[in-house]
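Proteins come first, then strands; the chains are lettered A, B, ... in the order of their sequence lines, and each starts at number 1. FYI, side chains are in, hydrogens and waters are out, and symmetry mates aren't considered; it's all heavy atoms of this structure. These figures come from a predicted structure and were not determined experimentally.
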Amino acid sequence: MAKEGLLCSEEEAYDLLDQLEHILDHDPLIDEVGFIHPSHLLVLNKEADATLVSSDIQELDARMSSELSKCAAPKGKKAFFWNKDHKLGVSTAYLLPLYKAVKHKFMEALAIYKMHSGSSFMNENLPGNVAFSKLENEVMRHSRALLLLSSDFGTAWNARKAVISNKEDFSHSVELLVSALVLSFAPKSENAWSHRRWVIKRIASRCDTLEEILDKESKLVEKIAERFLWRQERILTTCVPPLQKSKMNYRAWNHRCWLISYMSSRQVLLELDTSRYWAALHVADSSCFHYRRKLMLQMLADASEQQDAVACSSQLRSVRKFWKDELDWNEMLIRRYIGREALWLHRRFLSVGWVKHFGANEQNPNGEGEVNNHVKVFMDYELSLLQDCLNVPESEFEDVQSQVIHAASYMLRLNWEICSSSGINLNQKRRISDLRELLNRLCPEKSILGGDIIYYASP
Amino acid sequence: MVELAAEKHVRYIITVEKVSYSIRKLTCCPDPLPQYLQKKDAFESVVMEHLRMNGAYWGLTTLDLLGKLHVVDQDEVISWVMECQHESGGFAGNIGHDPHILYTLSAVQVLALFDKLNMLDIEKSVLEGQISAFLVHDDLILIHRAEKNYALGLRSTLTLYSDIASLQNEDGSFSGDMWGEVDTRFSYIAICCLSLLHQLDKIDVEKAVNYIVRCKNLDGGFGATPGGESHAGQIFCCVGALAITGSLHHVDKDLLGWWLCERQVKSGGLNGRPEKLPDVCYSWWVLSSLIMIDRVHWIDREKLIKFILDCQDLEQGGISDRPDDAVDVFHTYFGVAGLSLLEYPGVKAIDPAYALPVDVVNRILLPHD
Ligand SMILES: [Zn+2]
């Protein structure tokens, strides 16, 4: 933290707040905020000044640029903000006084707003209306600045909802931008995600098709899920900073799962198609594979709900083909990316689902023996995959060890979920006890997989 | 193996509580900050002010588990808690903020710790006493006045129950506040609160249970909404709600037990989802769920105890998410609570469903004469 410390006068703090809100007003398309060490900010602003001087060609709005340089250097030397290409940098030096100033302003505006909303003040004559919309603007302005400093300040999100609820003509896209802006530096902010859902529900209640919005949301989730932040320093993260590097963002993917309920069958297929590429690039992202599982179950449900028998069976056939492709694709990934738990868990789902939904071979719908034979062929194939994964020279490398562990527990799981319930005797007793021994040796903490569960949990 | 540095943790919690107390006393105007706040993490602690109620619960429960609840100024805490109650009945995370069910639970739990749940209907009991006294003296005017007050008092206290009940939706789910976000965490909170207040009949329990069951996944776990990914935190909430309502038969115990025990990683720690790093706070969520479904013997307890103890700051006190990280109150609480579930000596037993010390829960729920 800079030596100049956190102290600045009240007046200076309000002045800083003015500058911040000014920048936000004048560049409504800002889509990313970061918090930058003062020394680095100085460098950035010097570069910016240099380009401003040298580039008349850019034809920047003259008023804008003079405002900006004023913002950047209010006292001649010290810089607090940096704003370029719709990115905003805020100096880390005075966050606390800035926060206190904006919280004060916001709470004050909210109290006045609450006093007048619901009263006749807002409905009556025109001057009253003008005054009231001024109050609304104050609440919106200060809550936005406040949320940039404290992303889960629920009261500020609520105040925005209250204002919007009273305005028929409010542009929801503005609200989606504000929440995306907060997510740009606080990708796990529960309130920001929840606010998006609130806005989307409102949009959904007004128009029939959400296709475009759903598409944008999906892209946003992917962007946030993979984001390597451009800022140098991020002191705002108050919750679990070490996890920041881990890309799996539960709230983001949860949001995407929530969107499925708004999707048409066509969009479900489209999403399966587009998320596949992303998943292959992020094989450790279990959340993304969960999303695919939800889409596949939705696809299956959509097909089964078909009234028309012919359409139904043809759709089920294509689901079956899709399922098979997913199994093959997953196997390819398992062989290529060694030791990924997410891939093996996905395979559990695929295999159990395959046997459950498509295990009875369509050509031989009757006859238990046939079904079991079909399942047996499948299990034999899985056993050979297992064998390949176990047949690696013992190694100290963690991913090699993990591959063996995941493969062995996968097989125990299939044995438990498929074989015991379908009454198939795999004649693999020996192999199963070998697997148990192997697991006991490699991960003694998972003693349950090595022993009890098979006896304990078998029906 | 290192031991639990209980005294250091108590001191750490008290220091943090003192700082927080000063923070919550800070009004909106930017007065000069006290000296100890002028350090690097001052901003971080101040921007957390909106969830102070949760912090109070974490800190105070830790103290109680370590047998040191008496060191805090009970009246000060309780009057602050009551100041956070909104006129709708729900509680806010701090004075002046909007209410949310997340904070209501913490407030109810804090009052329960101090055996002060009667704060929620103090007027009611006082007035009931008055009325019967007046009845003895047959003073009609006074009875009339007391009844009027009684009705007023009752209204303010009944608002908490009806506020929680009003958050239940048609499909049985619960919203967190008037703005309608739905999450199985809120189902747990509503059920846990109302159970502690003996008011479970105020909601449709069957519908609430059915909604939770709809959030069950094929892997045996539970998500935030139907179709949501399994997460140890959500699983705790769903299993806890099912346990409190006597509906654990809806859980596939072996399947869920398998998922939960696979959260244990090589270091002995537990993670909250596949492919994640272990974290002390999941000692609580995973372990309490395993206990509720009677599968706790499926994990290696000794290794987990060692992992938690390795996350202690042995000099300053406090527990972190992973060894050598910075400590915080949240992880200190979950570390101690985890050790309590593991029956570590010197730590009071905690109830896996209510997340309160067992003696506190018994005091409230066991019938007394
Ligand atoms: Zn944690």
Okay, A:Ile260 and chain B: the region with an atom under 4.5 Å from a heavy atom over there is neither

Check: Step by step, would you call B:Glu262 with A:Ser409 a side chain to side chain contact (heavy atoms under 4.5 Å, CB included)?
Finding: CA-CA 10 Å; B:Glu262 281 190 311; A:Ser409 21; 4.2 Å; yes

Q: For side chain to side chain contact (heavy atoms under 4.5 Å, CB included), just list the numbers for A:Phe349 and B:Asp219, CA-CA rounded to whole Å, side-chain angles, deciding distance to a tenth of an Å, and then say yes or no.
A: CA-CA 8 Å; A:Phe349 163 84; B:Asp219 58 20; over 6 Å; no

Hits for side chain to side chain contact (heavy atoms under 4.5 Å, CB included) against A:Val199, two or more places apart or cross-chain, chain-then-number order -> A:His172, A:Glu175, A:Leu176, A:His195, A:Ile203

If one checks every heavy atom of A:Ser165 against chain B at 4.5 Å, the contacting part turns out to be side chain

To the nearest 0.5 Å, atom CH2 of B:Trp259 lies from atom CZ of A:Arg348 at 11.5 Å

Residues 172-189 of chain B vs salt bridge (charged side-chain N to carboxylate O under 4.0 Å, His left out), sequence neighbours excluded, gives A:Glu190-B:Arg185, A:Arg197-B:Glu181, A:Arg251-B:Asp183, B:Asp183-B:Arg185

Honestly, the part of B:Arg273 sitting under 4.5 Å from a heavy atom of chain A is side chain

Contacts of A:Cys288 meeting side chain to side chain contact (heavy atoms under 4.5 Å, CB included) (sequence neighbours excluded), chain-then-number -> A:Trp253, A:Trp278, A:Ala279, A:Asp285

Evaluate the side chain to side chain contact (heavy atoms under 4.5 Å, CB included) criterion for residues A:Val283 and B:Glu275: first the C-alpha distance (whole Å), next the side-chain angles of each, then the deciding distance (0.1 Å), finally the verdict. CA-CA 10 Å; A:Val283 289; B:Glu275 299 274 8; over 6 Å; no

#### Entry: Intermediate values then yes/no, side chain to side chain contact (heavy atoms under 4.5 Å, CB included), B:Lys266 and A:Glu398
CA-CA 11 Å; B:Lys266 265 213 157 66; A:Glu398 208 176 315; 5.8 Å; no

- [ ] Could you tell me whether the side chain of B:His50 reaches within less than 4.5 Å of the side chain of A:Asn191, counting heavy atoms only?
- [x] no

- Answer yes or no: is there a side-chain heavy-atom contact under 4.5 Å between B:Leu255 and A:Trp416? yes

>> Quick check: do A:His290 and B:Asn217 have side-chain heavy atoms less than 4.5 Å from each other?
In response: yes

**Request:** Give the intermediate values and the outcome of side-chain hydrogen bond (donor to acceptor under 3.5 Å, both in side chains) for residues B:Glu229 and A:Ser287.
**Result:** CA-CA 7 Å; B:Glu229 186 187 357; A:Ser287 300; 2.8 Å; yes

If you define the side chain from C-beta out and look only at heavy atoms, does anything of B:Leu51 sit under 4.5 Å from A:Asp152?
no

**OP:** Could you tell me whether B:Lys306 atom NZ has more than 12 heavy atoms of other residues or ligands within 6.0 Å of it?
**Re:** no

Ordered numerically, the heavy-atom neighbours of chain A under 4.5 Å found in residues 97-105 of chain B are B:His97, B:Asp98

Nearest heavy-atom contact between A:Cys257 and B:Gly227 is SG-O, 4.0 Å

Please tell me if the side chains of A:Ser150 and B:Glu49 come closer than 4.5 Å, counting only heavy atoms from C-beta onward.
no

Between the CH2 atom in B:Trp179 and the NZ atom in A:Lys201, the distance rounded to the nearest 0.5 Å is 12.0 Å

The interface call for A:Ala162 against chain B, heavy-atom contacts under 4.5 Å, is both

Separation between CG (B:Leu218) and CZ (A:Arg293), nearest 0.5 Å, reads 9.0 Å

Under 4.5 Å to a heavy atom of chain B? For A:Arg340 that would be both

So, the part of A:Lys161 with a heavy atom under 4.5 Å from chain B: the answer is both

Honestly, the part of A:Asn158 sitting under 4.5 Å from a heavy atom of chain B is both

